[in-house]
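Step one of this worksheet: look at the structure below.
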Amino acid sequence: MTTQTTNLDYAAPNWRRMTRHPAIMEYRRLYVLVAVINLATLAAGLRNGHWFDGQAFRLDAIADMALINLSLGILIRQQRVINALFWLATRIPVTWPLWIRWGAGKVFHFGGFHYGGTVAGTLWFAFLLYAMVADRLSGSLQISNMTLGLSGLMVTLMSLMIVTAMSRFRTRFHNAFEKIHRFVGWTVLALFWAQTVSISGDMGVALTGTPSFWMLCIITLSIASPWLTLKRVRVEIVKPSDHVVLARFNYGDTPFAGSSNAISHTPFGEYHSFANIPAPNEPGYRLAISRAGDWTGAFIDNPPEKVWVKGITTSGVARIEDLFTKVVYVGTGSGIGPILPHLLKRKVPNRLIWSTRSPHKTYGDDLIDEIECHTEKPLIWDTVAQGKPDLSALALQAVRESGAEAVIVISNQKLTRKVVYDMESLGIPAYGAIWDS
């Protein structure tokens, strides 16, 4: 089904366009919240002397704040924690008021806690290093060279991770970002253990008697857990065109709709996450992989027989469809991959708007037939024959015609943010990836 774009008026009130602007989206509100809480805690401690014990700093109190923040930043990214957050958010029944469900659907903005926690934790560690040096110079506490050296190196490496995780670097040098985040992160974890042992010796405290020891155990298990499930599996490739392949897996895992898995050619190489496409009553799943860079290009041109899969099936943004009575899906290109399992599942009534280049030629007749058989009045827009559509206008038209409560967008960053912003400015819940760190 195709149609011409409509000239709909979706001007919104100024107050709503300001409050729903991407610059103050929930992700950013969360890391500002973390910053405010930490600043308030620091100020309160300075007023009541919590950070001091006579003339010396209370290293244990400062270290606890560093550990609390870093634990928040690390654990909120743990795959099982992510799945638990999505599970809790989607327990809200569709009979509850829309504004509550709208807010619950923003669960995928949890990355704000990751960013806020890791930055705050690094700053607290820098404060801890300063306090150690000050106490040693004043003679109030004997801190070993080992402890100071380990602490300084940790602060330096954590700062490097933060700088390279910033969007400009991460986007331009993604492979370097991933390697730094992984291998420098592992190094910091090892240094954290060494520092904890060293501080325990300096303070004359039993290692297992400190809260940091047990928290470190939890953090270490969290970081190690995805690698404990690492496996090499066989993959079958269907190649409808030189732009896209459909990779099929059947190794005993049938994931849920709205999830993703990370795959790589080598066990410790570059991992890429793709949305799983399970089909009802069928084992295994598919991934739609389109040409979008060197890695995907090489995957399409030279399809592998086996790949490495890391971690567990992890919830993604489209899983929040369970919060609504009906949704409109807006996708472009290979964005159909994360959308397709929800069409096949048919749990939540939906409408589809898919804009892509030569859909039959690029994705094959079988996939197009599968889409058309599993959704009501799908709009498949051929950008070669029809030009680029106004996706916001089409989404608004679909909402009005179908009575849908929300819009879920799977596209590139620019289009996703535009459609989400346009819809939410009109009071329509809208969701899409946020490309956080």
Side-chain angles (χ1 to χ4, degrees), residues 1-6 8 10 22 108 171 240-246 257-258 260 272-277 286-293 295-297 299-300 316-321 327-344 350-365 367-368 370-372 374-399 402 404 406-424 428-435:
M1 171 185 174
T2 59
T3 186
Q4 292 298 314
T5 185
T6 54
L8 294 176
Y10 45 89
F108 59 94
T171 302
S241 71
D242 288 336
H243 179 73
V244 65
V245 296
L246 297 174
S260 65
H272 287 257
S273 291
F274 298 93
N276 300 316
I277 310 175
R286 291 171 291 171
L287 302 178
I289 301 173
S290 64
R291 192 180 297 273
W295 193 93
T296 52
F299 194 101
I300 293 169
V317 59
R319 191 180 175 188
I320 54 93
E321 71 161 13
V327 300
V328 171
Y329 279 105
V330 178
T332 60
S334 59
I336 193 62
I339 296 172
L340 183 55
H342 300 281
L343 307 184
L344 301 177
N350 58 68
R351 292 283 291 274
L352 171 67
I353 300 167
W354 181 31
S355 170
T356 189
R357 180 183 180 89
S358 305
H360 284 274
K361 181 179 178 181
T362 303
Y363 292 89
D365 293 338
L367 186 67
I368 305 303
E370 192 174 15
I371 292 168
E372 292 180 333
H374 288 89
T375 188
E376 174 191 352
K377 299 179 182 178
L379 169 54
I380 301 177
W381 189 282
D382 185 346
T383 57
V384 173
Q386 299 169 273
K388 291 186 177 180
D390 184 340
L391 291 174
S392 293
L394 292 174
L396 180 58
Q397 182 183 27
V399 168
S402 67
V407 175
I408 299 175
V409 188
I410 310 294
S411 183
N412 58 55
Q413 185 175 25
K414 182 178 179 180
L415 272 172
T416 297
R417 287 188 173 175
K418 181 182 185 306
V419 176
V420 169
Y421 180 42
D422 287 341
M423 295 300 99
E424 297 216 319
I428 301 168
Y431 306 90
I434 55 175
W435 287 271

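Every value quoted in this text rests on a predicted model; they were computed, and no experiment measured them.
Every residue meeting the side-chain contact (heavy atoms from CB on, under 4.5 Å) condition with Val328, not counting sequence neighbours, appears here in chain and number order: Val330, Arg351, Ile353, Ala398, Val399, Ser402, Ala404, Val407. Residues satisfying the side-chain contact (heavy atoms from CB on, under 4.5 Å) criterion with His272, sequence neighbours excluded, are Glu270, Phe274, Trp295. Every residue two or more places apart in sequence or in another chain that forms a side-chain contact (heavy atoms from CB on, under 4.5 Å) with Ser334 is listed here: Ser290, Tyr363.
Scanning all heavy atoms of the two residues, the minimum distance from His243 to Thr362 falls at CD2-CG2, 3.6 Å. Between Arg291 and Gly297, the closest heavy-atom pair is NH1-CA, 3.5 Å. A pairwise comparison of heavy atoms in Ala292 and Thr296 identifies N-OG1, 2.7 Å as the closest pair. Gly364 and Pro240 get closest at one heavy-atom pair: N-CB, 3.9 Å. Across every non-hydrogen atom of Asp382 and Pro359, the tightest pair is CG-CD, 3.7 Å. Arg357 and Thr383 make their closest contact through CA-OG1, 3.4 Å (heavy atoms, listed as atom of the first residue, atom of the second, distance).
Here CG of Leu396 is found 5.0 Å from CD1 of Ile428. Values are rounded to the nearest 0.5 Å. To the nearest 0.5 Å, the span separating NZ on Lys388 from OG1 on Thr332 amounts to 9.5 Å. Between atom CD of residue Gln386 and atom CD1 of residue Ile380 there is a gap of 10.5 Å, rounded to the nearest 0.5 Å. Here CG of Asn350 is found 11.0 Å from NE2 of His374. Values are rounded to the nearest 0.5 Å. Once rounded to the nearest 0.5 Å, the distance linking CG of Leu415 with CD1 of Ile410 reads 12.5 Å. One distance of note links CH2 of Trp381 with CG of Asp390; it measures 9.0 Å at 0.5 Å rounding.
Side-chain contact between Trp354 and Ile371 is present, with heavy atoms from C-beta onward closer than 4.5 Å. The shortest side-chain heavy-atom distance between Ile289 and Val244 does not fall under the 4.5 Å cut-off. Within the 4.5 Å cutoff, side-chain heavy atoms of Asn276 are placed close to those of Leu287. By the 4.5 Å heavy-atom criterion applied to side chains, Ile339 and Ile408 are not counted as neighbours. Under the 4.5 Å side-chain criterion, counting only non-hydrogen atoms from C-beta, Leu340 is in contact with Glu370. Contact of the Tyr329 side chain with the Glu321 side chain is registered, since non-hydrogen atoms from C-beta on lie closer than 4.5 Å. At least one side-chain heavy atom of Ser392 sits under 4.5 Å from a side-chain heavy atom of Met423.
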> Hey, mind stepping through Ser355 and Leu391 against side-chain contact (heavy atoms from CB on, under 4.5 Å) and telling me if it holds?
Replying inline: CA-CA 8 Å; Ser355 170; Leu391 291 174; 4.1 Å; yes
> Do Leu379 and Leu394 pass the side-chain contact (heavy atoms from CB on, under 4.5 Å) test, and can you show the C-alpha distance, the side-chain angles, and the key distance before you say yes or no?
Replying inline: CA-CA 9 Å; Leu379 169 54; Leu394 292 174; 3.9 Å; yes
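Using a 4.0 Å cut-off between charged side-chain N and carboxylate O, Glu424 and Lys418 make no salt bridge.
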